[in-house]
Asker: 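Before I ask anything, let me first share the structure, which is written out below as structure tokens.
Every number for a ligand or one of its atoms is a count from 1 in the order of the listing. As the structure is a computational prediction, the values presented were derived from the model and not from experiment.
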Amino acid sequence: MTEVETAEVEMTDVQEKISRPVGLLAELTHRCPLSCAYCSNPLELDPRSAELDTATWKRVFSEAAALGIIHIHLSGGEPAARRDLVELAAHCNAEGLYANLITSGIGLTDQKLEELAEAGLDHVQLSIQDVDPAAADRTGGFAGGHKRKLEVAAKVVALGLPLTINTVIHRGNVERAGAMVRQAVRLQARRVEIAHTQYYGWAQLNHSALLPTREQTERAVAEVEALRKELEGQIVIDHVVPDYHARYPKACMGGWAKRTFNVTPKGLVLPCHAAQIVPGLDFPSVKDRSLADIWYKSAAFNAFRGTSWMKEPCASCERREIDYGGCRCQAMAIAGDPAAADPVCMKSPHRPLIDALVAADSEATGEAVMRGFSRAAI
Ligand code: SF4
Ligand code: FES
């Protein structure tokens with residue numbers, strides 16, 4: 001048997017035990033015209049000079065198709081900052097991949113939207129910060145941004161592309177969560193994602209200014225859930241509730257290296273967008289290894305796959321194959337141990353750390369620090 005055949009046998013053997021990924025989040029760039037305080041991108045951003053070139057992204061998408069991936073999420077930063085966005089969307093289409101654009105809408109001209117539709121883009125997810133234009137522009141740090149976003153939403157619908165509105169909930173807009181669902185209906189979105197801030201990357205710096213109180217959170221969750229019934233058949237509501245106030249954690253990423261992964265602007269392949277917080281893991285690059293090799297065989301992807309890495313209380317917990325121990329990055333950030341139960345969990349010995357954070361945040365009055373980007377870099 002040749003060396004190549006031996007490698008193929010080994011890969012097949014591994015493949016039988018590991019599920020195939022279904023989605024890839026392509027962080028095409030970290031450049032962004034907005035400066036949201038709840039940005040979950042890392043503190044240190046990849047510069048434009050380090051971004052993968054067009055040919056490499058196309059190879060990555062071809063490898064993704066061969067790996068069995070269905071959805072490619074073209075994201076950032078702001079993906080419209082990439083001049084090759086239409087070419088990349090066309091390549092996804094040619095490979096039979098469902099291409100979803102995740103955008104702030106800023107920098108996305110009507111002509112670019114028409115070209116993207118022509119290239120076979122399948123879906124647009126547009127972020128909108130608020131229902132109040134002044135508050136929305138303040139949150140994004142971009143004057144006139146809200147007005148442009150509404151125009152982009154109308155253009156997406158006019159082109160016949162399915163539209164999802166993404167809204168991140170924080171202390172500044174939590175009282176308008178329901179109004180944001182109704183705004184999405186008015187914009188003829190098919191889906192709205194109401195996602196309470198996830199405290200990773202830059203957002204973690206700002207949790208004391210962003211975290212709503214428990215009462216505010218409960219009111220917002222109840223309002224959105226009531227709308228889910230009222231608006232059934234008109235819009236699909238995806239509701240990501242804040243886990244600091246929950247009893248059990250979310251199954252972050254649906255489980256580490258189970259369904260989806262990210263590729264950073266410079267080409268690192270990560271099981272989730274915050275994974276670089278976990279020490280001791282060497283995240284491979286698409287420049288050095290194929291996606292298949294990374295997904296099935298890399299030490300970083302296998303580190304927290306499944307349940308065998310778990311310690312107590314997760315190891316013997318009846319929810320271990322429901323939430324997979326929650327979020328490894330939150331366990332690292334709060335408990336200092338990526339193999340610990342997510343400290344949000346009521347069974348975690350670290351839960352008092354979350355309770356102390358929530359108590360301190362509800363007293364805090366400080367202002368959030370906006371994400372700093374250089375507009376000139378766009
Ligand atoms: Fe999930 Fe672990 Fe908590 Fe059980 S103990 S609910 S598996 S985080
Ligand atoms: Fe990394 Fe949750 S963000 S596992």
Side-chain angles (χ1 to χ4, degrees), residues 19 21-27 30 38-45 73 75 102 166 168 193 195-207 210 240-264 268-284 294-295 298-355 357:
S19 55
V22 294
L24 186 164
L25 186 102
E27 297 172 10
H30 276 154
Y38 57 67
C39 178
S40 59
N41 276 337
L43 300 186
E44 194 177 328
L45 301 173
H73 305 283
S75 180
I102 303 177
N166 289 350
V168 176
E193 185 177 305
H196 287 250
T197 303
Q198 305 287 302
Y199 295 97
Y200 307 117
W202 190 267
Q204 204 196 347
L205 292 179
N206 282 319
H207 65 78
L210 295 174
V240 181
V241 296
D243 59 2
Y244 276 28
H245 295 304
R247 286 154 52 86
Y248 294 113
K250 60 187 179 297
C252 195
M253 303 298 287
W256 180 276
K258 190 168 171 57
R259 299 174 54 77
T260 64
F261 59 90
N262 292 19
V263 179
T264 69
L268 295 186
V269 187
L270 308 178
C272 65
H273 63 280
Q276 288 173 95
I277 193 180
V278 178
L281 294 184
D282 185 20
F283 295 106
I294 294 168
W295 177 259
S298 69
F301 274 65
N302 283 314
F304 302 110
R305 191 171 243 148
T307 55
S308 58
W309 56 273
M310 290 177 173
K311 33 184 170 177
E312 294 298 342
C314 297
S316 60
C317 178
E318 69 284 359
R319 288 179 57 87
R320 67 184 180 279
E321 293 199 17
I322 297 172
D323 63 31
Y324 295 95
C327 176
R328 299 306 85 230
C329 301
Q330 190 149 267
M332 179 63 214
I334 308 278
D337 177 4
D342 189 323
V344 155
C345 179
M346 58 183 280
K347 295 183 182 179
S348 162
H350 300 107
R351 174 70 212 194
L353 295 174
I354 295 282
D355 293 334
L357 266 179

Asker: Could you state the interatomic distance from OH (Y38) to OG1 (T197), rounded to the nearest 0.5 Å?
Answerer: 7.5 Å

Asker: Hey, does the side chain of R328 reach the backbone of A340 with a donor-acceptor pair shorter than 3.5 angstrom?
Answerer: yes

Asker: Over 60° means perpendicular and under 30° means parallel, so classify the ring planes of F261 and W295, tilted if in between.
Answerer: tilted

Asker: Exactly which residues line ligand 1, taking a heavy atom under 4.0 Å from it as the test?
Answerer: Y248, P249, P313, C314, C317, R319, R320, D323, G325, C345, K347

Asker: Pick from L24, N262, I294: which one makes a side-chain contact (heavy atoms from CB on, under 4.5 Å) with V269?
Answerer: I294

Asker: Short of 2.8 Å from atom 2 (Fe) of ligand 2, name each protein N/O/S atom, waters not counted.
Answerer: C252 SG, C327 SG

Asker: Please name all residues satisfying side chain to side chain donor-acceptor pair (under 3.5 Å) with E312, sequence neighbours left out, ordered by chain then number.
Answerer: S316

Asker: With sequence neighbours left out, write down each residue that passes side chain to side chain donor-acceptor pair (under 3.5 Å) with Q198, or none if nothing qualifies.
Answerer: K250

Asker: With under 30° as parallel and over 60° as perpendicular, where do the rings of W256 and F283 fit, or are they tilted in between?
Answerer: tilted

Asker: Indicate yes or no for a side-chain donor-acceptor contact from R351 to the backbone of V344 under 3.5 Å, with no hydrogens or angles considered.
Answerer: yes

Asker: Hey, are the side chains of H350 and D337 touching, using non-hydrogen atoms and a 4.5 Å cut-off?
Answerer: no

